[in-house]
Amino acid sequence: MSKLRLGVNIDHVATVRNARGGSTPDPVRAAILAQEFGADGITAHLREDRRHIADADIDALMDALNIPLNFEMAATDEMQKIALRHKPHAVCIVPEKREERTTEGGLEVAREENQLAHFIAPLREAGCRVSIFIAADQRQIDAAHRIGAQVIELHTGAYCDAHAEGDFITRDAELEKMRHMSTYAHSLGLEVHAGHGLTYDTVQPVAAFPEVMELNIGHFLIGEAIFRGLGPAMDEMRRLMDAART
Ligand code: PXP
């Protein structure tokens, strides 16, 4: 099985920084450290309300990183301009609601197919790999494929929430859906990624899907880094991912 890439999401270093309004802890420093500790990529979500990552963080990440930046953004004109200015390796289109605490669901690609097709075309032309963050739903995967996305990222949140709540029937059903849909998406030629809410307890069943090429993990890893340091926190995640793969 191919090696699974670990993308480290550094948004929540910025959450802590912004809680005090100063310049520390610096998410760019976290990204550089994650790179040194073997991250395959860095993910950062520039939200419309700039609640964590700021525009200057994206500028600095583009300058500082030697590994790919996966720039998460909503499908808005403002974000498209920023992405086209920076031309990051990958752009992941996510749904965004101001009142939500985090990205709660996948994107409704099927409902907004035409707009999204027009929206992503210039990003693709600029050389960005376009990824669409969606639920494990065949309708959404078909739509993502039709609009010309190269990658889908499966939203693992429902699976992780069910695990945390001890609802193992729902958890296993969510896992089954993701398993089938990662095979299906792969059969269409889409590259499959996954992420949201993954922890040491939940990562392995998802890492074991052979079609999944990349996991993007943030909140748990940054939290764990408080206790163990970022390097050891990442090492343990990597160990679990690799073990699930063999
Ligand atoms: N992938 C996507 C598309 C996301 O929006 C997020 C959260 O910003 C993540 C992965 C990482 O989720 P978490 O921080 O819960 O690990």
Side-chain angles (χ1 to χ4, degrees), residues 4-16 18 27 30-31 34 39-54 57-58 61 68-75 79 83 88-98 100-109 120 128-136 140 144 149-164 174 178 182 185 190-204 206-207 212-226 230 233-234 236-238 240-241:
L4 184 57
R5 295 195 298 267
L6 171 60
V8 175
N9 180 320
I10 42 96
D11 292 350
H12 296 296
V13 179
T15 304
V16 178
N18 296 2
D40 297 296
I42 297 295
T43 293
H45 183 179
L46 185 66
R47 293 187 73 106
E48 278 186 277
D49 61 8
R50 311 298 200 267
R51 72 174 67 156
H52 38 57
I53 293 295
D57 297 325
I58 299 294
L61 287 169
L69 176 67
N70 176 33
F71 178 57
E72 280 183 20
M73 58 178 230
M79 291 299 152
H89 167 82
V91 169
C92 180
I93 313 292
V94 302
E96 214 176 278
K97 293 193 222 101
R98 266 171 203 270
E100 71 190 357
R101 258 184 299 176
T102 180
T103 313
E104 279 163 9
L107 196 69
E108 249 302 330
V109 200
I120 69 169
C128 303
R129 277 179 81 68
V130 174
S131 168
I132 311 278
F133 191 42
I134 49 177
Q140 305 299 343
Q150 294 116 310
V151 181
I152 57 152
E153 179 163 332
L154 293 175
H155 196 310
T156 51
Y159 154 72
C160 292
D161 288 348
H163 179 83
E174 290 294 332
M178 290 193 288
S182 56
L190 289 160
E191 183 170 315
V192 184
H193 300 176
H196 204 282
L198 291 170
T199 66
Y200 295 151
D201 288 340
T202 51
V203 73
Q204 288 198 299
V206 181
V212 173
M213 303 293 291
E214 177 175 308
L215 297 180
N216 287 304
I217 309 181
H219 184 266
F220 175 82
L221 266 184
I222 299 304
E224 196 62 16
I226 295 170
L230 185 57
M234 284 174 55
E236 177 63 3
M237 191 61 84
R238 175 76 78 184
L240 290 166
M241 285 164 57

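We count ligands from 1, going down the list as the structure has it; atoms in each ligand are counted the same way. Predicted, not measured: the structure shown is a model, and the values here were computed from it.
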Proximity to ligand 1 by part of Glu153, non-hydrogen separation under 4.0 Å: side chain

Name of the residue among Val109, Ile134, Leu107 meeting side chain to side chain contact (heavy atoms under 4.5 Å, CB included) with Pro95: Leu107

Ligand 1 atoms in contact with Gly197 (distance to a heavy atom under 4.0 Å): 12 (O), 13 (P), 15 (O), 16 (O)

For Asp11 against His45, the heavy-atom pair lying closest together: OD1-N, 2.9 Å

Residue list, ring pair (Phe, Tyr, Trp, His ring centres under 6.0 Å) with His219, at least two apart or on another chain: His12

Ligand 1 contact on Asp11 by region, counting heavy-atom pairs under 4.0 Å: side chain

Backbone N/O of Leu6 and side chain of Asp40: donor-acceptor pair under 3.5 Å: yes

Asn216, portion touching ligand 1 at heavy-atom distance under 4.0 Å: both

Residue Ile217 vicinity, atoms of ligand 1 by number, heavy atom under 4.0 Å: 16 (O)

contact_flag Phe133 ligand 1 heavy-atom lt 4.0 Å: yes

Per-atom contacts, ligand 1 versus Asn9 - under 4.0 Å to a heavy atom: 6 (C), 7 (C), 8 (O), 9 (C), 11 (C)

Polar proximity ligand 1 side, Glu72 side, N/O cut 3.5 Å exclusive: yes

Counterpart residues, side chain to side chain contact (heavy atoms under 4.5 Å, CB included), relative to Thr199 (two or more places apart): Asp201, Thr202, Phe220

Spacing of His193 atom NE2 and Ile152 atom CD1 [to the nearest 0.5 Å]: 9.5 Å

Distance-only N or O hit between ligand 1 and His12, under 3.5 Å: no

Where Glu96 and Leu46 come nearest, the two heavy atoms and their spacing: OE1-O, 4.2 Å

